[in-house]
Number of protein chains: 2
Amino acid sequence: MQFSVGVEYALHCLVYLVNLPPDSPIGIKDLAAYQGVSDSYLSKFFTQLVKAGIVRSVPGVKGGYELAKKPEDISFWNVVTAIQGEASLFQCKEIRHNTLPFRENKFQCYSEKCLINSVMLEAESHLKNYLCTKTIAWLHENLDKHIPEIQQEQKRWFKEKLYNR
Amino acid sequence: MQFSVGVEYALHCLVYLVNLPPDSPIGIKDLAAYQGVSDSYLSKFFTQLVKAGIVRSVPGVKGGYELAKKPEDISFWNVVTAIQGEASLFQCKEIRHNTLPFRENKFQCYSEKCLINSVMLEAESHLKNYLCTKTIAWLHENLDKHIPEIQQEQKRWFKEKLYNR
DNA sequence: TAATTATAGATAAAAATCATCTATAATCAG
DNA sequence: CTGATTATAGATGATTTTTATCTATAATTA
């Protein structure tokens with residue numbers, strides 16, 4: 001069981017977007033070139049970020065993507081669900097229903113959800129609550145503290161790209 | 001990203017084991033027959049539960065599996081890691097290292113772990129801590145409350161199997 | 001209107017998951 | 001001691017998910 005790499009791509013890209021001036025969308029080509037992946041690949045994640053209301057897309061010449069919300073209003077959890085979907089980590093397969101007494105029709109299927117399922121959902125909500133507290137603004141700020149040279153270089157590159165459109 | 005069904009099989013089976021008298025291991029055949037899966041399939045999970053010290057295996061005639069700990073000392077988290085392994089949910093793929101300035105060797109790879117990774121690990125620890133508080137004893141007790149008829153039937157069946165060995 | 005850009009869908013390789021079957025090793029009952 | 005029973009290990013294959021790319025289409029603005 002693993003988080004999708006898509007989450008990693010999305011989080012990094014959102015930080016790039018924080019650094020851009022307002023009303024100046026950046027194209028997927030530049031984002032993909034910087035990340036070293038194909039545009040079609042990265043664009044898939046951005047389509048999902050658009051649907052989740054995290055970024056806004058501007059079609060046509062000099063179009064691209066820009067943040068649709070303030071960075072402090074975009075949580076890690078928002079990004080995770082945008083990319084992976086809303087489905088919970090633990091999907092009860094209801095294997096009880098394949099158990100002997102059920103196969104012999106001694107019991108009917110019961111709608112009542114499995115206890116195990118409820119425990120797992122509760123556990124997941126703890127993970128969720130924590131990820132809701134961490135935002136893109138926080139990430140941006142702390143990256144600047146931790147790896148200032150790389151952040152500077154990254155900002156420089158995107159601003160140049162923006163200028164040359 | 002999804003939990004393995006193996007966790008579901010394991011949790012259910014462990015509850016069966018709670019219901020058995022001490023020093024009377026039950027064979028994988030009976031467990032598998034009750035669950036409606038092949039013995040070889042279920043035995044895989046039990047091998048992992050043995051390695052995790054959750055159950056004990058008794059080889060030879062009239063052998064089988066029995067709990068290696070008290071049910072109140074087996075947490076959901078123990079079972080999850082026994083089945084899924086210890087690997088954390090979020091594996092940082094370090095996609096930063098494929099980013100333009102790194103490809104151009106402007107920066108060397110840095111050993112320092114990614115900030116995103118640390119956030120994800122912290123989030124996971126919240127999930128972990130909750131799952132550590134829920135035990136097989138708790139599950140057993142609450143299943144008896146929620147679905148007493150099914151629990152009765154299940155106990156009856158396993159005790160009969162034990163008797164006829 | 002033509003170039004640019006996002007969007008959608010088709011495709012495919014690789015990895016993980018699910019499930020079974022077979023072979024082997026250990027051990028206990030007779 | 002021997003043979004039946006049982007756990008353990010490994011091989012196998014089907015199915016699904018993940019990762020990644022390419023192509024085609026639709027929208028828009030310079």
Side-chain angles (χ1 to χ4, degrees), chain A residues 1-10 13 17 23-33 35-52 54-66 68 80 83-85 87 89-91 93 95 98 161-162 164-165, chain B residues 1-10 13 17 23-33 35-52 54-66 68 80 83-85 87 89-91 93 95 98 161-162 164-165:
Chain A
M1 184 184 55
Q2 223 82 91
F3 273 86
S4 154
V5 246
V7 173
E8 216 170 325
Y9 284 112
C13 286
L17 297 191
D23 293 316
S24 47
I26 189 90
I28 199 75
K29 264 188 187 170
D30 291 332
L31 288 162
Q35 293 272 20
V37 292
S38 72
D39 359 349
S40 50
Y41 182 50
L42 200 59
S43 74
K44 221 153 228 186
F45 300 130
F46 269 84
T47 302
Q48 292 175 276
L49 292 174
V50 169
K51 282 179 184 159
I54 293 171
V55 302
R56 195 186 354 258
S57 70
V58 180
V61 180
K62 295 207 180 178
Y65 296 98
E66 58 191 2
V80 168
I83 301 296
Q84 319 234 59
L89 306 189
F90 186 84
Q91 298 284 3
K93 298 293 191 321
I95 60 173
N98 194 37
K161 286 291 162 186
L162 214 52
N164 291 330
R165 301 191 85 190
Chain B
M1 185 184 56
Q2 222 83 94
F3 273 86
S4 156
V5 244
V7 174
E8 216 170 324
Y9 284 111
C13 286
L17 297 191
D23 293 315
S24 46
I26 189 92
I28 199 76
K29 265 189 186 169
D30 291 333
L31 288 163
Q35 293 272 20
V37 292
S38 71
D39 0 348
S40 51
Y41 182 50
L42 200 58
S43 73
K44 242 186 198 152
F45 300 130
F46 269 85
T47 301
Q48 292 175 274
L49 292 173
V50 169
K51 282 178 183 158
I54 293 171
V55 301
R56 193 185 358 257
S57 70
V58 181
V61 180
K62 295 207 179 178
Y65 295 98
E66 58 191 2
V80 168
I83 302 297
Q84 319 236 58
L89 306 190
F90 186 85
Q91 297 285 4
K93 299 294 192 318
I95 60 172
N98 194 38
K161 286 290 162 187
L162 215 53
N164 293 330
R165 300 191 87 190

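Just so it is clear: chains get the letters A, B, ... in the order the sequence lines come, proteins before strands, and each one is counted from 1.
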Measuring from atom OG of Ser38(A) to atom NZ of Lys44(A), what distance do you get when rounded to the nearest 0.5 angstrom? 9.5 Å
Separation of atom CG in Asp39(A) from atom P in dT7(C), rounded to whole Å: 13 Å
Give the rounded distance in Å between these two atoms: CG of Asn98(B) and P of dT19(D). 15 Å
Measure CG/Leu31(B) against C1'/dT6(D) and give the value in whole Å, please. 13 Å
In whole angstroms, the gap separating P of dC21(C) from NZ of Lys29(B) amounts to 13 Å
Walking DNA chain D from its 5' end, the first of Lys93(B) and Gly64(B) to be reached, judged by nearest nucleotide, is Gly64(B)
Heavy-atom pair of closest approach, residues Ile95(A) and Gln35(B): CD1-OE1, 4.0 Å
Taking dA6(C), dC18(C), dT6(D) as options, the one with an atom nearest any side-chain atom of Tyr41(B) is dC18(C)
For a side chain to side chain contact (heavy atoms under 4.5 Å, CB included) check, start with the C-alpha distance between Leu49(A) and Tyr65(A), then their side-chain angles and the critical distance, and finish with the verdict. CA-CA 10 Å; Leu49(A) 292 174; Tyr65(A) 296 98; over 6 Å; no
Phosphate OP1/OP2 of dT19(D) contacted by Ser4(A) side-chain N/O (<4.0 Å): yes
Taking any heavy-atom pair under 4.0 Å as a contact, classify Lys62(A): base, sugar-phosphate, or nothing. sugar-phosphate
Which sits closer to the 5' end of DNA chain C, Leu42(B) or Val61(B), going by the nucleotide each is nearest to? Leu42(B)
Check the distance between dC18(C)'s P and Gln48(B)'s CD and give it to me in whole angstrom. 11 Å
When the distance from CZ of Phe45(A) to P of dA20(D) is rounded to whole Å, what number comes out? 7 Å
Toward the 5' end of DNA chain D, which comes first, Ile26(B) or Gln2(A), by nearest nucleotide? Ile26(B)
How is Ser40(A) classified with respect to the nucleic acid when contacts are heavy atoms under 4.0 Å: base, sugar-phosphate, or nothing? base
Mind checking Tyr65(B) for me? I need base, sugar-phosphate or nothing, with any heavy atom below 4.0 Å counting as a touch. sugar-phosphate
Which of the following nucleotides, dC18(C), dT20(C), dA8(C), is nearest to the side chain of Val5(B)? dC18(C)
Short question: side chain of Gln84(B), backbone of Ser4(B) - any donor-acceptor pair under 3.5 Å? yes
Should Ser57(A) be listed as having a side-chain N or O under 4.0 Å from OP1 or OP2 of dT7(C)? yes
With heavy atoms under 4.0 Å as the rule, sort Ser43(A) into base, sugar-phosphate or nothing. base
Quick note, Ile28(B) side chain, CB onward, closest among dA20(D), dA7(D), dT28(D) is dA7(D)
Measure the acute angle between the ring planes of Phe45(A) and Tyr9(A), then classify it against the limits of 30° and 60° as parallel, tilted or perpendicular. parallel
Let me know the distance between NZ of Lys44(B) and C1' of dA23(C), rounded to the nearest Å. 13 Å
d(CD, Gln91(A); P, dC18(C)) in whole Å: 12 Å
